[in-house]
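See below for the structure under consideration.
Hydrogens, waters and symmetry mates are skipped; everything else that's a heavy atom, side chains included, is used. Since we're looking at a predicted model, the values are computed, not measured.
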Amino acid sequence: MAQISEAPTLDAKHQLFAHIVEAEFGYVGVNYGLFLDTRSVQSIRVNHISKRGGLPEEWREIYHRNKFAPDDYGMLMGALSNKPILQSQFYSALDDEELPCNFARVVKGVREFVASGVVLPLEANGVRGILGLFRLTDDVVKHDAQFERDRQAIQALANHLHLSSDWSQEVVTQKGLSDMNLLVLRLKAQGLRVKEILYEINRDNPKTVDNHMLRVRKALGTRNDMESIHRAAKLGLLQENSLPKRDMETNWSKVLRAG
């Protein structure tokens with residue numbers, strides 16, 4: 001676990017974790033994701049980011065081509081459940097025709113490539129995550145028995161990965177947040193008023209601040225600026241070393257006094 005903590009980037013942590021679970025538990029596919037908003041099914045579908053590895057590229061192409069993401073039953077259940085869900089449970093529901101058609105088509109597609117596995121719901125520091133561990137060839141009964149035997153060790157390792165991971169750069173990259181979006185967000189978090197923010201970013205139109213915060217809300221799946229600030233803090237987007245360095249009084253205050 002110390003190696004995962006010491007790995008310098010999210011990519012490095014993900015790769016190291018994948019190596020460990022393959023060597024120790026036989027999982028070759030590792031999908032690690034983060035949910036930015038789980039208040040509704042629609043929010044879960046559109047407000048998530050992920051790191052994937054180990055599954056065939058052919059499956060990824062099929063997944064994207066058929067637009068499976070909105071109806072990914074494993075992802076949905078991972079967001080809503082508090083307990084591990086075995087891949088065999090999804091397949092049993094498919095065989096028993098218990099799944100709506102939209103979910104069934106995705107589970108059927110997964111079954112073409114994944115023999116067994118488990119979905120682990122994760123939560124740390126108020127941030128909800130999901131980890132999918134998969135084997136491409138295996139006996140399902142054998143896997144499920146092995147998972148029950150190794151469950152505590154696997155869960156502890158997964159929890160540690162989630163607790164030690166910093167997703168801030170992935171949020172920025174995958175959600176397309178610009179430097180100016182982040183600067184306005186951070187100035188908002190410092191409690192600056194609109195006029196002060198405009199001075200700091202060298203703009204005149206008050207709508208500029210609103211437009212940047214709207215972009216932030218869409219990216220983070222939040223309803224207002226205060227909620228955006230709270231979620232950004234949880235995701236590491238407001239770290240002290242990334243905030244603009246400021247004097248005790250703002251430049252705007254100096255301008256007012258000088259005027």
Side-chain angles (χ1 to χ4, degrees), residues 4 10-35 44-45 48-95 98-99 102-123 128-162 165 167 170 174:
I4 294 176
L10 178 59
D11 278 339
K13 292 177 190 294
H14 182 261
Q15 291 171 10
L16 179 58
F17 178 87
H19 175 75
I20 293 172
V21 294
E22 181 176 3
E24 297 294 328
F25 307 109
Y27 294 108
V28 297
V30 178
N31 291 349
Y32 177 29
L34 201 72
F35 298 106
I44 293 169
R45 285 171 169 169
H48 70 278
I49 54 179
S50 61
K51 307 282 302 175
R52 303 176 185 272
L55 294 181
E57 187 61 33
E58 181 185 358
W59 163 241
R60 300 308 315 155
E61 292 175 0
I62 291 173
Y63 190 91
H64 289 296
R65 184 171 67 248
N66 291 287
K67 299 180 180 179
F68 281 158
D71 298 318
D72 190 324
Y73 194 58
M75 182 177 67
L76 178 63
M77 290 295 97
L80 298 177
S81 176
N82 292 316
K83 297 180 180 179
I85 311 165
L86 294 166
Q87 199 66 31
S88 59
Q89 293 175 261
F90 298 129
Y91 297 159
S92 292
L94 177 67
D95 291 339
E98 296 175 353
L99 299 178
N102 57 322
F103 293 128
R105 74 185 185 104
V106 182
V107 175
K108 184 177 180 181
V110 172
R111 200 176 199 174
E112 295 292 322
F113 292 89
V114 173
S116 61
V118 62
V119 172
L120 301 175
L122 303 170
E123 186 148 357
R128 185 78 171 180
I130 182 175
L131 186 68
L133 302 176
F134 308 108
R135 295 178 182 175
L136 306 187
T137 57
D138 192 18
D139 177 80
V140 173
V141 175
K142 178 182 176 183
H143 165 268
D144 291 357
Q146 288 181 338
F147 174 74
E148 285 305 316
R149 182 194 66 200
D150 299 328
R151 177 173 176 170
Q152 288 187 333
I154 294 172
Q155 187 73 64
L157 194 61
N159 289 341
H160 184 72
L161 170 68
H162 190 47
S165 291
W167 279 82
E170 287 297 323
Q174 293 193 33

(request) Report the residues that fulfil side-chain hydrogen bond (donor to acceptor under 3.5 Å, both in side chains) with E170, sequence neighbours left out, ordered by chain and then residue number. (result) K51, Q174
(message) For Y63, does the six-membered ring have the charged nitrogen or CZ of R60 within the cation-pi criterion, i.e. under 6.0 angstrom from the centroid and within 45° of the normal?
(response) yes
(request) Please report the shortest heavy-atom distance between V107 and L99, naming the atom on each side. (result) CG2-CD1, 3.8 Å
(request) Using a 4.5 Å cut-off on heavy atoms from C-beta on, say whether the side chain of N31 contacts that of L131. (result) no
(request) Indicate yes or no: does D72 engage R45 in a salt bridge with an N to O separation below 4.0 Å. (result) no
(message) Distance check, rounded to the nearest 0.5 Å: I154 atom CD1 versus R149 atom CZ?
(response) 9.0 Å
(request) State whether the side chain of E22 and the backbone N or O of H19 hold a donor-acceptor pair below 3.5 Å, judged by distance alone. (result) no
(message) With rounding to the nearest 0.5 angstrom, report the CG to CD1 distance, L76 to I130.
(response) 9.0 Å
(message) Holding to side-chain contact (heavy atoms from CB on, under 4.5 Å), I want the full list of residues that pass it with A153, two or more places apart in sequence or in another chain.
(response) F25
(request) Please examine the side chains of L122 and R128, heavy atoms only from C-beta on, and report whether any two atoms are closer than 4.5 Å. (result) no
(request) Answer yes or no: is there a side-chain heavy-atom contact under 4.5 Å between L133 and V119? (result) no
(message) Are the side chains of V110 and Q87 in contact, using a 4.5 Å heavy-atom criterion?
(response) yes
(message) Restricting to non-hydrogen atoms, name the atom on R135 and the atom on Q146 that form the minimum distance, rounded to 0.1 Å.
(response) NH1-OE1, 2.8 Å
(request) Decide yes or no on side-chain contact (heavy atoms from CB on, under 4.5 Å) for V30 and V21, but give the supporting numbers first. (result) CA-CA 9 Å; V30 178; V21 294; 3.7 Å; yes
(request) Output every pair passing ring-ring contact (aromatic ring centres under 6.0 Å, His included) with a member in residues 72-94, not counting sequence neighbours, ordered by first then second residue. (result) Y73-F90, Y73-F103
(request) Applying ring pair (Phe, Tyr, Trp, His ring centres under 6.0 Å), name anything that partners H143, two or more places apart in sequence or on another chain. (result) Y27
(request) List the atom of L55, the atom of G29, and the distance in Å for their closest heavy-atom pair. (result) CD2-CA, 4.1 Å
(message) In the structure I gave you, are the side-chain heavy atoms of P121 and M77 within less than 4.5 Å of one another anywhere?
(response) no
(request) Apply side-chain hydrogen bond (donor to acceptor under 3.5 Å, both in side chains) to S116 and list each qualifying residue two or more places apart in sequence or on a separate chain. (result) D138
(request) Could you pull out the closest heavy-atom pair between R52 and H14, with the gap in Å? (result) C-CE1, 4.1 Å
(message) Run the salt bridge (charged side-chain N to carboxylate O under 4.0 Å, His left out) test against R111 and tell me which residues pass, sequence neighbours left out.
(response) D95
(message) What I'd like to find out is whether the side chain of F113 reaches to under 4.5 Å of the side chain of E58, using heavy atoms alone.
(response) yes
(request) Report yes if the side chains of L34 and H162 come closer than 4.5 Å at any heavy-atom pair, otherwise no. (result) yes
(request) Output yes when a side-chain donor or acceptor of K13 lies under 3.5 Å from a complementary backbone atom of I4, and no otherwise. (result) yes
(message) Could you measure the distance from the CG atom of D144 to the CD atom of Q89? Nearest 0.5 Å is fine.
(response) 8.0 Å
(message) Counting neighbours of CD on E98 that are heavy atoms of other residues, nucleotides or ligands and sit closer than 6.0 Å, is the number greater than 12?
(response) yes
(request) Using only heavy-atom distances, determine whether the side chains of N159 and Q155 contain a donor-acceptor pair under 3.5 Å. (result) yes
(request) With rounding to the nearest 0.5 Å, note down the distance linking CG in L157 to CG in D150. (result) 11.5 Å
(message) Can you confirm whether or not the ring centre of W167 sits under 6.0 Å from the ring centre of Y32?
(response) yes
(request) Drop me the distance from I62's CD1 to E57's CD, to the nearest 0.5 angstrom. (result) 10.5 Å
(request) Working to the nearest 0.5 Å, report the span between OG of S81 and NZ of K83. (result) 8.0 Å
